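Below: one structure, written as structure tokens.
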Number of protein chains: 2
Amino acid sequence: MKRKKKERQQLLIETLEKNPFITDEALAEMFDVSVQTIRLDRLELSIPEVRERIKHVAKERLDEIKALPLEEVIGEIIDLRLDQEAISIMDITEEHVFSRTGIARGHYLFAQANSLAVAIIDDELALTRKATIHFHRQVKAGERVVAKAIVTDSSAKQTVVEVTSKVNQEIVFHGEFMMYRSDSDTN
Amino acid sequence: MKRKKKERQQLLIETLEKNPFITDEALAEMFDVSVQTIRLDRLELSIPEVRERIKHVAKERLDEIKALPLEEVIGEIIDLRLDQEAISIMDITEEHVFSRTGIARGHYLFAQANSLAVAIIDDELALTRKATIHFHRQVKAGERVVAKAIVTDSSAKQTVVEVTSKVNQEIVFHGEFMMYRSDSDTN
DNA sequence: CCAGTCTTAGGACTAGGTACTAACATGTAG
DNA sequence: CTACATGTTAGTACCTAGTCCTAAGACTGG
């Protein structure tokens, strides 16, 4: 029976990590044990009751709201030919700009280009080693930035990706990214 | 008495918007009325009970988690001498890394450095014009990145900021940022 | 002064627990 | 086989933060 308990508790942890909103009663049904068993499990694992779990999630959110959001994958990739070419678009919103000037923060343009340079590489692991970048023109809220990446050199050691970002055909950003790939690296 | 009620209800709404975690009992004390009055107010205003309010906040957060966050001001500036030197720290967490490899995405390191280069400039408007950056070492979750920016050249036309980021004295990132400032630019 | 609004009080009930005691099943070691 | 440990289930009393409902005061304008 020992295995059963540990297994159940492991499952319990995983289940509540995915969805902290489940009551003991529902859990008891899920695992086909009594409510008391679930409570003992929670006690052993130091897992608080539903209401406390929910409160915890809610509090974390309130904290997060102060430290503002952005997308993880910056921009949306609309075309991708591995090791050749890729295109992504990013709409600049109020979140991306300096509130005083309305001009997009440089690191968002960099993030879009860098993300694209990583995405284009057909490998388990791609890392930026070096980059030379130019900001040609300011970008304002409401504008749509189209970034195009081209692999210009792909030796065994490293891959060079050139990224050009435009707003309405006008170049706003250009970067040359030296990328390392997992099958070529020592570091 | 009509004003008193409306006023209280308005205040109630505002109070709960700022902090949804307050119980009826605590509210009753705040407004110096009975708990029942608060409950009647909530009923009239269709405000759910604490536990439901908290649940709502928590659910919204779970939705947000899919569209991931990052800080607006990347890193925390701990020292700043305008046009001279500045230092910021950033703790790398799970949010900053590629889930497969645990290695921090390059644009976070860039964002920290770029933000610092912008902050160091004593001017209304500072923009990155060009940057040459090197990623010397991978940074993993749990590590603390300390970025130090130094203004190396400050002519009328442009300011050059060198940023060196370290983890435990070890250089992980270096960048040279050519910055334009508002009193020098045409664009 | 009386009606209508507002406020307060109290009782019965609920969900989702905690904390505790007690019974019982199962398995393993001596 | 007995004895003790581990695990499971059941039940009780109690808690918080409510809901829903009834009823009684308090205040105020006409």
Side-chain angles (χ1 to χ4, degrees), chain A residues 1-67 69, chain B residues 1-69 93-95:
Chain A
M1 276 296 185
K2 260 184 185 173
R3 271 157 228 161
K4 273 185 184 174
K5 189 186 176 185
K6 291 228 163 163
E7 264 176 55
R8 188 188 58 233
Q9 294 195 342
Q10 190 52 45
L11 252 165
L12 189 80
I13 291 170
E14 284 164 26
T15 307
L16 290 181
E17 237 158 61
K18 276 182 213 145
N19 181 1
F21 296 84
I22 311 171
T23 62
D24 288 357
E25 210 180 323
L27 288 164
E29 265 188 50
M30 281 175 68
F31 296 118
D32 201 33
V33 290
S34 71
V35 178
Q36 281 78 359
T37 302
I38 296 291
R39 305 227 220 257
L40 282 173
D41 283 347
R42 279 200 299 100
L43 204 73
E44 279 182 34
L45 300 167
S46 306
I47 297 172
E49 57 168 294
V50 202
R51 293 182 288 230
E52 286 309 310
R53 293 197 297 267
I54 292 174
K55 207 181 279 180
H56 183 73
V57 172
K59 269 191 185 144
E60 274 188 347
R61 175 168 177 260
L62 283 198
D63 292 346
E64 253 172 37
I65 277 174
K66 290 160 204 158
Chain B
M1 276 295 185
K2 261 186 184 171
R3 272 158 228 157
K4 273 185 184 172
K5 190 186 173 183
K6 292 227 163 162
E7 266 176 54
R8 187 187 58 232
Q9 295 195 341
Q10 190 52 44
L11 252 165
L12 190 79
I13 291 170
E14 286 165 24
T15 307
L16 290 182
E17 237 158 61
K18 275 180 215 147
N19 181 2
F21 296 82
I22 311 171
T23 61
D24 287 357
E25 209 179 327
L27 289 163
E29 264 189 51
M30 281 176 68
F31 296 118
D32 202 32
V33 291
S34 72
V35 178
Q36 281 78 358
T37 302
I38 296 292
R39 305 228 220 257
L40 282 172
D41 284 346
R42 280 200 298 101
L43 204 72
E44 279 181 34
L45 300 166
S46 307
I47 296 171
E49 56 168 293
V50 203
R51 292 182 287 231
E52 286 309 310
R53 294 198 296 269
I54 291 175
K55 209 181 278 181
H56 182 72
V57 172
K59 271 190 184 145
E60 274 188 348
R61 174 165 179 261
L62 283 198
D63 292 345
E64 253 174 37
I65 276 174
K66 290 160 204 158
L68 262 179
T93 68
E94 294 302 326
E95 284 166 22

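Computed from a predicted model, the values in this text were never measured in an experiment. So you know, we letter chains A, B, ... as the sequences are listed, proteins then strands, and number each from 1.
Across the protein-nucleic acid pair, E29(B) atom CD and dA17(D) atom C1' stand 15 Å apart, rounded to whole Å. In this entry the distance linking NZ of K4(B) with C1' of dT5(C) reads 14 Å, nearest Å. Rounded to a whole Å, the CD1 atom of I47(B) is 18 Å from the P atom of dA17(D). Regarding I38(A), its CD1 atom lies at a distance of 12 Å from the P atom of dT18(C), rounded to whole Å. When rounded to the nearest whole Å, the span between CZ of R39(A) and P of dT12(D) equals 15 Å. Spacing between atom CG of D24(A) and atom C1' of dC15(D) amounts to 15 Å, rounded to whole angstrom units. The CD atom of E44(B) sits 14 Å away from the P atom of dT19(D) (whole-angstrom rounding). For F21(A) and dG16(C), the CZ to C1' distance is 16 Å, given to the nearest whole Å.
For a distance-only test at 3.5 Å, the side chain of R51(B) fails to qualify as a donor-acceptor partner of the base of dG18(D).
Contact annotation for Q36(B): base contact, defined as any heavy-atom pair under 4.0 Å involving a base atom. Within 4.0 Å of R42(B), counting heavy atoms only, lie sugar-phosphate atoms of the nucleic acid but no base atom.
Checked against dA19(C), dC6(C), dT9(D), the side chain of V33(A) finds its nearest nucleotide in dT9(D). When distances are taken from the side chain of S34(A) to each of dT18(C), dT9(D), dA9(C), the shortest belongs to dT9(D). Considering only the side chain of T37(A), dT8(D) comes nearest among dT19(D), dT8(D), dT7(C).
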- Item | Verdict with reasoning, K4(A) to E7(A), per salt bridge (Lys or Arg N to Asp or Glu O under 4.0 Å) | CA-CA 5 Å; K4(A) 273 185 184 174; E7(A) 264 176 55; over 6 Å; no
- Message: Between I47(B) and R53(B), does the side-chain contact (heavy atoms from CB on, under 4.5 Å) criterion hold? Intermediate values first, please.
- Response: CA-CA 8 Å; I47(B) 296 171; R53(B) 294 198 296 269; 3.9 Å; yes
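Other residues, nucleotides and ligands place more than 12 heavy atoms under 6.0 Å from the CD atom of E44(A).
Look at R42(A) and E52(A) and you find no salt bridge, because none of the NZ, NE, NH1 or NH2 atoms lies under 4.0 Å from a carboxylate O.
Nearer the 5' end of DNA chain C, as judged by each residue's closest nucleotide, is the contact made by L40(B), out of E25(A) and L40(B). Nearest-nucleotide positions on DNA chain D place D41(A) closer to the 5' end than the other of D41(A) and R53(B).
Within the model, atoms CD1 of I38(A) and CD of Q9(A) stand 9.5 Å from one another, a figure rounded to the nearest 0.5 Å.
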